[in-house]
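Written out below as structure tokens is the structure these notes cover.
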Amino acid sequence: MAGDTLNSMTDREAARKRILARYRDPALADRLSGGEWNKALDVMLSHRSVRHYLDEPVPETMLELIIAAAQSASTTSNLQAWSVIAVQDKDRKARLAVHAADQRHIHAAPLLLIFVADLARLRGLSDQRGYEGVALGYIEAFIFAIADAAFAAQNAAVAIESLGLGCCYIGAMRNNPQGVADELGLPDETMVVFGMTVGRPDPAIASDVKPRLPQGVVLHRERYTPPSPDLMADYEAHMHAFQAEQNMRNIAWTEQAATRVKDLAALTGRHVLTSFLKGKKFGLK
């Protein structure tokens, strides 16, 4: 993207602002904003979840551009083992919302994209050629289908934001996998990985960029190393500040993260996924 490189002082200031918002680390912001920067990085570092939308439909051409971007993502061996279902009907969105904690923004968004790990298409191709499709019965196939759907969805998210729209991933689409599958008419060997609400952000309800873990926690050099207690403490402080700024409930990030995985109830219904997958004839060997 050489043609999209940004060089002006204003752009460097914008780069510093983006990096500082993401990490709240002035030294890192100074270091990274002095080097390469472009429009793609600006879009990606500006990402935030949008849950409030204007009552405006997403134009069909925009939807098709978003899907073109999604299909341009990397895919395992070019198998393209994913599908996406665009849901715009208000009644269907409402029924899907019931299966996903009845989140308000599912109702409000003009477009709901449902990303599907899809081995059914490969099964059909295999059957047409008289092959047994043995590899489809192994967990590797399930993993690459999920990976392909995730690659595509993230490309879609970047495209959505580059077009001036906003989006929010909906992991709660896995809370009741059978109910969602029935509503969408999903065949065997398919599973919804997540949904994504899409629409024009309501300018009256702004949200800020949420800080992420320090790079020193997620970036490992040569070999894996445990997270530094000091870096984790810094992140806790950044998150407490962010919560105060956004009038959010004040809770330690480490407590929030640990609570999210502490017991069966934390899975919010997703403990049934293994039995659901077996019922959908995923092999998982």
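- Side-chain contact between R48 and E161 is absent, with no heavy-atom pair separated by less than 4.5 Å.
- Annotation: the span from N175 atom CG to H271 atom NE2 amounts to 10.5 Å, rounded to 0.5 Å.
- Within the 4.5 Å cutoff, the side chain of M191 has heavy atoms near those of the F142 side chain.
- Placement of L113 and V58 within a single hydrophobic cluster is found when ILVMFWY residues are connected by side-chain heavy-atom separations under 4.5 Å, directly or transitively.
- Annotation: side chain of D118 is not in contact with side chain of P187 (no heavy-atom distance under 4.5 Å).
- Residue F144 holds its CZ atom at 5.0 Å from CG of L79, rounded to the nearest 0.5 Å.
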Under 3.5 Å, sequence neighbours excluded: what are the donor-acceptor pairs made by side chains of residues 231-238?
residue: Y235; atom: OH; partner: P211; partner atom: O; Å: 2.9
residue: E236; atom: OE1; partner: W253; partner atom: N; Å: 2.7
residue: E236; atom: OE2; partner: T254; partner atom: N; Å: 3.3
residue: E236; atom: OE2; partner: T254; partner atom: OG1; Å: 2.3

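- For the atom pair I66 CD1 and S162 OG, the distance stands at 8.5 Å (nearest 0.5 Å).
- If you take CG on D11 and NZ on K39, they are separated by 9.0 Å, rounding to the nearest 0.5 Å.
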Got a list of side-chain donor-acceptor pairs under 3.5 Å for residues 124-137, not counting sequence neighbours?
residue: S126; atom: OG; partner: Y131; partner atom: O; Å: 3.4
residue: S126; atom: OG; partner: G133; partner atom: N; Å: 3.3
residue: R129; atom: NH1; partner: L125; partner atom: O; Å: 3.3

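- Of the possible polar contacts, none joining the R16 side chain to the G34 backbone as a donor-acceptor pair under 3.5 Å is found.
- Cluster membership check: Y53 does not share its hydrophobic cluster with V198, using side-chain heavy-atom separations under 4.5 Å among Ile, Leu, Val, Met, Phe, Trp and Tyr.
- In this structure, R212 contributes its side chain and Y23 its backbone to no donor-acceptor pair below 3.5 Å.
- Ring geometry for F194 versus Y169: interplanar angle over 60°, hence perpendicular rather than tilted (30 to 60°).
- The closest side-chain heavy-atom distance from K210 to Q246 is not below 4.5 Å.
- Residue N250 places its CG atom among more than 12 non-hydrogen atoms of other residues, nucleotides or ligands, all under 6.0 Å distant.
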